[in-house]
> 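Pasting in a structure now, in structure tokens, and then I'll have a few things to ask.
For ligands, and for the atoms within them, numbers begin at 1 and follow the listed sequence. Scope of the values below: all heavy atoms of this structure, side chains included, with no hydrogens, waters or symmetry mates. Note that the coordinates shown come from a computational prediction; the quantities given were computed from them, not determined experimentally.
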Amino acid sequence: MQEFEFYLPTKIYFGEGVIKKAGQEARRFGQRALVVTGKSSAKKTGALQKVEISLKEAGVEMVLFEGVEPNPSLKTAESGAELAKEKRCQVVIGLGGGSPMDAAKAVAVLSTNPAPADQYLGRNRVKEPPLPIIEIPTTAGTGSEVTPYAVLTEIKKEGSRKKILTDHLIFPKVALVDPELTLSLPGSITADTGVDALSHAIEGYIANNSQPISDLLALKAIKLLVHHLPKVMDNPEDIKARSYVLYASLLAGMVIAQTGTILVHGMGYRITSDFGLPHGRANGLLLPWVCEFNLTERYDKFALLAESLGEEVKNLSKEEAAKKAIRGIQRLLRELGMPENLKDRKIKEETIREFAEEIMQDERKLANNPRRATLEDIIKIYKRALRGEIS
Ligand code: NAD
């Protein structure tokens, strides 16, 4: 059997109302907590107030760092860490979608390691253990509550780039995964973030770094998303369906924590930073085409994937069944109202080439992709996803 390693040092609480455990969990680490959150949703939905009350009851003082922007910048993380140090915070709580959760991880790092933040981008560059991190997701989603990644935007004169800080030291100590917090998500964010979770599960399942336990989690996550995401879109108040979607996103986060992602994520970052598409929607544009490109290397897995996506595969050859997985993914994306391409934007040939050339520098993503991609392959995939061109 395949040799593998599975590491997940996060204590997970899942269920309606578990946000109330914020105080008791934070208290284990100290008496002053920095709560990192976005611009307004946590306040509007009452999630922030719930954390505040829980901290107060446990005798923990709350210091608030709010206003984290989508796709948070390194500068934002540095500002958060300045506040944490000034107020002598002993634990950092990320409350929100992937953006505030990732910012919280970087703030925790910079509270115990000197700025600037860019020196920690890449793999295992953090020297001192960060402040303990507690994550409370309000999107379903990124799975950041159980991953060792923080995705941060580096803003330079030549443009913004999304970069990853990867380190086992930033695995959250605690994840409070509370489906009630996702009830307020509007349809478009539910769909975008749900597609992100789907992409994590599929990418992790076919990645070269996939392994037996993560495969189990990935197939389960896919089945749950196929079944429950459309239900949530039809009835946003369906707490049962919301719970399953959030659970699926948690499982998919556990998957990529072990396997990493493949070309979908690598290629999606520039679509977000240059065209402003939300992270999950950018992944949705690329997902069918990256999968199709990898089909020949993973007939067995794609055939199982087709089944998990609810496709009829009885009496089909392995190759035919595998192809149905692509159809299943497209069907779900359409049902969720995802765009099929960006051809209205008239994206130029040279822009696509520039994006593709950048991917060729990312050896880690190329190596984790089942089929080795050339520059021309990447250009072809971008053309399909962005301009709807079938060559
Ligand atoms: P996000 O955190 O940027 O939030 C998107 C929007 O949703 C915001 O406007 C926010 O205010 C709103 N929102 C959040 N929760 C809400 C709620 N309950 N009700 C109403 N509105 C709500 O989006 P995201 O997709 O969760 O996170 C994307 C970020 O996460 C990207 O930077 C991406 O690269 C990163 N990411 C990180 C990991 C990881 O492992 N660390 C994995 C995948 C993605």
Side-chain angles (χ1 to χ4, degrees), residues 8 10 19 36-48 50 66-74 76-77 94-106 108-109 133 135-154 160-167 170-172 175 177-201 203-204 232 236-237 242 245-246 249-250 252-261 264-273 276-284:
L8 185 74
T10 305
I19 191 172
V36 177
T37 192
K39 286 193 178 138
S40 61
S41 68
K43 234 179 212 163
K44 277 193 215 144
T45 61
L48 181 59
K50 285 182 187 163
E66 58 185 340
V68 172
E69 71 280 23
N71 310 298
S73 69
L74 295 170
T76 297
L95 171 67
S99 299
M101 286 198 288
D102 284 1
K105 289 174 175 172
V109 167
I133 301 160
E135 298 284 23
I136 310 176
T138 64
T139 61
T142 65
S144 176
E145 66 274 14
V146 286
T147 72
Y149 314 122
V151 186
L152 301 159
T153 299
E154 188 170 36
S160 298
R161 295 285 184 281
K162 293 191 70 164
K163 298 274 173 73
I164 310 181
L165 188 165
T166 302
D167 205 303
I170 64 167
F171 263 118
V177 190
D178 186 338
E180 278 179 4
L181 305 180
T182 64
L183 284 170
S184 54
L185 284 169
S188 64
I189 303 179
T190 300
D192 291 338
T193 50
V195 168
D196 191 24
L198 178 76
S199 197
H200 291 159
E203 288 179 69
V232 171
E237 281 162 30
R242 284 277 191 199
V245 170
L246 185 62
S249 144
L250 172 74
M254 290 163 76
V255 172
I256 57 163
Q258 313 305 319
T259 64
T261 50
V264 181
H265 265 66
M267 291 176 70
Y269 286 155
R270 284 297 296 269
I271 301 181
T272 294
S273 52
L277 251 67
H279 173 68
R281 205 176 307 169
N283 290 340

> Suppose I only count heavy atoms of Asp196 and a 4.0 Å limit; which atoms of ligand 1 are within that range?
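Heavy-atom distances to Asp196 below 4.0 Å select 43 (C), 44 (C).
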
> Geometry only, no angles: is Thr147 polar-contacting ligand 1 at N/O separations under 3.5 Å?
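Between Thr147 and ligand 1, an N or O pair is found under 3.5 Å apart.
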
> State, to 0.1 Å, how close Thr190 and Val232 come at their nearest heavy-atom pair, and which atoms those are.
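Taking Thr190 first and Val232 second, the nearest heavy atoms are CG2-CG1, 3.6 Å.
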
> Is Ala42 close enough to touch ligand 1? Criterion: a residue heavy atom under 4.0 Å from a ligand atom.
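Distance cut 4.0 Å: Ala42 fails for ligand 1.
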
> Consider ligand 1: state whether an atom of it lies below 4.0 angstrom from any non-hydrogen atom of Glu69.
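So Glu69 does not count as touching ligand 1.
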
> Looking only at heavy atoms, what is the nearest atom pair of Val195 and Gly284, with distance?
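Distance-wise, the nearest heavy atoms are CG1-CA, 3.6 Å.
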
> Roughly how far apart are Ile271 CD1 and Arg281 CZ, rounded to 0.5 Å?
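Rounded to the nearest 0.5 Å, the CD1-CZ separation comes to 12.0 Å.
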
> With heavy-atom distances below 4.5 Å as the criterion, would you say the side chains of Leu185 and Arg242 are in contact?
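A side-chain contact exists here, since the closest heavy-atom pair is under 4.5 Å.
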
> To the nearest 0.1 Å, how far is atom 25 (O) of ligand 1 from its closest protein heavy atom, and which atom is that?
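Of every protein heavy atom, Thr193 CG2, 3.3 Å lies nearest to atom 25 (O) of ligand 1.
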
> Any idea which heavy atoms bring Glu145 and Pro172 closest together, and the distance?
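So the minimum-distance heavy-atom pair works out to O-CG, 3.1 Å.
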
> Would a search of protein heavy atoms around atom 5 (C) of ligand 1 find one under 4.0 Å away?
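No, there is none.
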
> Looking at atom 8 (C) of ligand 1, is any protein heavy atom nearer than 4.0 Å to it?
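Under the 4.0 Å cut-off, atom 8 (C) of ligand 1 has no protein heavy-atom neighbours at all.
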
> So, 4.0 Å and heavy atoms of His200: is ligand 1 close enough to count as a contact?
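Within the 4.0 Å threshold, so yes.
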
> Could you name the option among Ile164, Asp102, Thr261 that has the heavy atom nearest to atom 35 (C) of ligand 1?
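Heavy atom nearest to atom 35 (C) of ligand 1 belongs to Asp102.
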
> Could you tell me the residue and atom name of the protein heavy atom closest to atom 34 (O) of ligand 1, and the distance to it rounded to 0.1 Å?
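So the nearest neighbour among protein heavy atoms is Lys162 NZ, 2.8 Å.
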
> Atom 42 (C) of ligand 1: which protein heavy atom is closest, and how many Å away?
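Sorting protein heavy atoms by distance from atom 42 (C) of ligand 1 puts Thr142 O, 3.4 Å first.
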
> Check whether any N or O atom of Thr138, backbone or side chain, sits under 3.5 Å from an N or O atom of ligand 1, and answer yes or no.
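The answer is yes, given that Thr138 and ligand 1 share an N or O pair closer than 3.5 Å.
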
> Just which atoms of ligand 1 are under 4.0 Å from any heavy atom in Pro70?
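Contacts of ligand 1 toward Pro70, numbered from 1: 3 (O).
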
> Considering only non-hydrogen protein atoms, determine which one is nearest to atom 19 (N) of ligand 1 and report residue, atom name and distance to 0.1 Å.
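Sorting protein heavy atoms by distance from atom 19 (N) of ligand 1 puts Ser184 OG, 2.9 Å first.
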
> Heavy atoms, side chains only, cut-off 4.5 Å: are Met254 and Val146 in contact?
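Sidechains of Val146 and Met254: in contact.
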
> If I apply the N/O under 3.5 Å rule, does Ser99 come out as touching ligand 1?
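Such a contact does occur with ligand 1.
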
> Heavy-atom contacts with Pro100 under 4.0 Å: which atoms of ligand 1 show up? List them by number with element.
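It comes down to these atoms of ligand 1: 2 (O).
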
> Working to the nearest 0.5 Å, report the span between CD1 of Ile19 and CG of Leu95.
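The distance works out to 5.5 Å.
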
> Write down the atom of Pro179, the atom of Val177, and the distance for their closest heavy-atom approach.
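Result for this residue pair: CD-O, 3.6 Å.
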
> Does any donor atom in the side chain of Lys105 or Ser144 lie under 3.5 Å from an acceptor atom in the other side chain?
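Note: Lys105 and Ser144 side chains meet the donor-acceptor criterion.
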
> Report, in ascending order of atom number, the atoms of ligand 1 lying under 4.0 Å from any heavy atom of Gly97.
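Every atom of ligand 1 under 4.0 Å from some heavy atom of Gly97: 2 (O), 26 (O).
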
> Provide the number and element of each atom of ligand 1 under 4.0 Å from a heavy atom of Thr139.
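Those qualifying, in numeric order: 14 (C), 15 (N), 26 (O).
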
> Check the orientation of His200 and His265. Use parallel for under 30°, tilted for 30 to 60°, and perpendicular for over 60°.
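Ring orientation of His200 relative to His265: tilted.
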
> Can you tell me the protein heavy atom closest to atom 44 (C) of ligand 1 and the distance?
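Checked against all protein heavy atoms, atom 44 (C) of ligand 1 sits closest to His279 NE2, 3.3 Å.
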
> Please write down residue, atom name and distance for the protein heavy atom closest to atom 11 (O) of ligand 1.
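For atom 11 (O) of ligand 1, the nearest protein heavy atom comes out as Ser41 OG, 3.2 Å.
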
> With a 4.5 Å cut-off on side-chain heavy atoms, are Thr142 and Tyr149 touching?
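Counting from C-beta outward, Tyr149 and Thr142 never come under 4.5 Å.
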
> My understanding is that only one of Arg161, Lys163, Lys162 makes a side chain to side chain donor-acceptor pair (under 3.5 Å) with Glu154; could you say which?
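It is Lys163, the one option of Arg161, Lys163, Lys162 that forms the side chain to side chain donor-acceptor pair (under 3.5 Å) with Glu154.
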
> Backbone or side chain, does any N or O of Gly98 fall under 3.5 Å from an N or O of ligand 1?
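In this structure, Gly98 places an N or O atom under 3.5 Å from an N or O of ligand 1.
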
> Could you check whether any side-chain heavy atom of Val245 comes within less than 4.5 Å of a side-chain heavy atom of Thr182, counting everything from C-beta outward?
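A side-chain contact under 4.5 Å is absent here.
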
> Nearest to atom 12 (C) of ligand 1, what protein heavy atom do you find, and at what distance?
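Ranking protein heavy atoms by distance from atom 12 (C) of ligand 1, first comes Ile189 CD1, 3.8 Å.
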
> How far does OG1 of Thr259 sit from CD of Glu203, to the nearest 0.5 angstrom?
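Between atom OG1 of Thr259 and atom CD of Glu203 there are 8.5 Å.
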
> Below 3.5 angstrom, do we get any N/O pair linking Leu181 and ligand 1?
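Checking ligand 1 against Leu181, an N or O pair does fall under 3.5 Å apart.
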
> Enumerate the atoms of ligand 1 whose separation from the nearest heavy atom of Asn71 is less than 4.0 angstrom.
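Counting from 1, the qualifying ligand atoms are 31 (C), 32 (O).
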
> Which heavy atom in Gly38 sits nearest to a heavy atom in Pro100, and how many Å separate them?
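In this case the closest contact between Gly38 and Pro100 is N-CG, 3.7 Å.
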
> Report the nearest protein non-hydrogen atom to atom 16 (C) of ligand 1: residue, atom name, distance rounded to 0.1 Å.
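Result for atom 16 (C) of ligand 1: Leu185 CD2, 3.4 Å.
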
